[in-house]
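Data block below; observations after.
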Amino acid sequence: MVIDIVLIVVGIVLVLWGADRLTDGAVAVAQRLRIPEMVIGLTIVGLGTSMPELCISLVSALKGTSDLAVGNVVGSNIFNTLLIVGVAAMVAPITILRSTVWKDMPWSMLAGVLLAVLCFDGCVSRLDALILFAIFLIFMGYTLYQAKKGKAEMSAEEARSARTPLAAAGLIILGLACLVVGSNVFVDAATRVARALNVSDAVIGLTIVAGGTSLPELATSVVAARKGQSAIAIGNVIGSNVFNVLLIIGLTGLICPMELQGITLIDYAVMTLGMAMLWCFSYTRLLVERWEGAALTAVFATYMAWLLYNAVAMAPVAAA
């Protein structure tokens, strides 16, 4: 057990460090292509911070722990919307662009509702995954079309500090390697711990795995909020939520269809509720205020308490 816990920590460190390197390299490429800040948040940073979820969900599905794979995505979206936006807003109120409310947030809502509907029968078939992946391609096409309409000029200071293409490519390759190795170590150790504690793969995915893989989003959004870069802070969360559902579940399900047992309607409902709350808060004054951040965080804490209470209550039954 002690060795597995150490391996979990090692896996998380490798995954987070790898995601950081990958994101740095991708952002360097995006800056050289003069992509606007909001689009970087929605796509490059969103993809980079979703790479831990992608690697861990894919490895989990291939190793037969589908609940861990889907629980990771559902839990990560709950962490992103409720905890990360909540904490970031309490650090500094987050200003929301009108275009984000009307054009970007609906994608995140659509992804969450669609996942709940497609998983209602307890499985993710290749057809379900194909639908999700096709919508992901539409989302990417739409976002890149928006980017073409508003290319941002790189300042002289940014040009001097920007990494060379070779350095950016090296960071991307190094980051991917750490992600692959770290995710394998993490999934194997987390699964053994779950079995030893008689805790379901779904609960492990919704809590420990989701929390670990959401650390890049938390760090990115809080730092961006403190620096006044609200577009990156909120774009990172929205982009990550869309990537988590459409790309990760879509790609994972295409490679390996998944049977689900431990993910409940309450988990899907909390994920959708969080996005609906964020959308409502943003719509009113184009601002997520500190008290609204506290409300999001309170919903997250309540859900976690309920989840852990049920896990403790069910553990003796599973052991018997």
Side-chain angles (χ1 to χ4, degrees), residues 41-42 46 49-50 53 57 70-91 93-94 96 100-102 104-120 132 139 202-203 205-222 224-225 230 233-246 248-249 263-308 310:
L42 277 169
T49 54
S50 287
E53 287 91 339
S57 290
V70 177
N72 174 32
V73 166
V74 174
S76 291
N77 279 17
I78 291 171
F79 270 81
N80 288 350
T81 307
L82 295 177
L83 180 65
I84 293 174
V85 175
V87 171
M90 286 191 291
V91 170
I94 300 175
I96 312 292
T100 301
V101 175
W102 289 106
D104 302 319
M105 287 188 178
W107 285 100
S108 186
M109 279 294 298
L110 171 65
V113 172
L114 189 59
L115 178 64
V117 170
L118 293 178
C119 293
F120 187 76
L132 293 171
F139 166 75
V203 172
L206 287 164
T207 55
I208 297 174
V209 178
T213 56
S214 290
L215 286 177
E217 286 92 338
L218 178 60
T220 300
S221 292
V222 170
S230 295
I234 201 70
N236 168 43
V237 167
I238 296 171
S240 183
N241 282 2
V242 174
F243 275 76
N244 285 349
V245 174
L246 301 182
I248 295 174
I249 300 297
I263 312 297
T264 68
L265 285 176
I266 292 179
D267 302 317
Y268 295 119
V270 171
M271 177 181 68
T272 307
L273 171 66
M275 194 60 229
M277 288 178 66
L278 176 58
W279 202 359
C280 289
F281 290 157
S282 304
Y283 178 81
T284 51
R285 296 176 57 190
L286 299 179
L287 183 74
V288 181
E289 300 184 65
R290 282 191 170 91
W291 75 265
E292 292 170 329
L296 292 170
T297 306
V299 173
F300 172 81
T302 302
Y303 169 69
M304 280 291 113
W306 174 85
L307 200 63
L308 295 174
N310 278 275

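All figures in this text were calculated on a predicted structure; none of them were measured in a lab. Residue numbers count from 1 along this sequence.
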Provide the closest heavy-atom pair for [X] versus [Y] in the form atom of the first, atom of the second, distance.
X: Glu292; Y: Glu289; answer: OE1-N, 2.8 Å
X: Ile94; Y: Ala89; answer: CD1-N, 3.9 Å
X: Ile263; Y: Gly71; answer: CD1-CA, 3.6 Å
X: Ser57; Y: Asn72; answer: OG-ND2, 3.0 Å

| field | Main-chain N/O of Thr264 paired to Asp267 side chain as donor or acceptor, under 3.5 Å | value |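 Yes; at least one donor-acceptor contact below 3.5 Å.
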| said: Checking the side chain of Ser108 only, and the main-chain atoms of Met105 only, is there a donor and an acceptor separated by less than 3.5 Å? | reply: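 Between the backbone of Met105 and the side chain of Ser108 there is no qualifying donor-acceptor contact (under 3.5 Å).
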| Do Phe281 and Val85 have side-chain heavy atoms sitting under 4.5 Å apart? |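 Counting from C-beta outward, Phe281 and Val85 never come under 4.5 Å.
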What distance do [X] atom [atom1] and [Y] atom [atom2] have between them, rounded to the nearest 0.5 Å?
X: Thr302; Y: Leu307; atom1: OG1; atom2: CG; value: 12.5 Å
X: Phe79; Y: Leu206; atom1: CZ; atom2: CG; value: 9.0 Å
X: Met271; Y: Asn241; atom1: CE; atom2: CG; value: 8.5 Å
X: Met277; Y: Ser282; atom1: CE; atom2: OG; value: 11.0 Å

| query | Can you check side chain to side chain contact (heavy atoms under 4.5 Å, CB included) on Ile248 and Phe243, steps first, answer last? | reply | CA-CA 6 Å; Ile248 295 174; Phe243 275 76; 5.6 Å; no
| Enclosure of Trp306 CH2 (heavy-atom neighbours >12, cutoff 6.0 Å) |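 Above 12, so yes.
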| task | For Tyr303 and Ile78, run side chain to side chain contact (heavy atoms under 4.5 Å, CB included): C-alpha distance rounded to whole Å, both residues' side-chain angles, the deciding distance at 0.1 Å, then the answer. | result | CA-CA 9 Å; Tyr303 169 69; Ile78 291 171; 3.7 Å; yes
| task | List the steps, then state whether side chain to side chain contact (heavy atoms under 4.5 Å, CB included) holds for Leu265 with Phe120. | result | CA-CA 8 Å; Leu265 285 176; Phe120 187 76; 3.9 Å; yes
| Are Leu114 and Leu132 close enough, and set up right, to give a side chain to side chain contact (heavy atoms under 4.5 Å, CB included), and what steps lead you there? | CA-CA 8 Å; Leu114 189 59; Leu132 293 171; 3.7 Å; yes
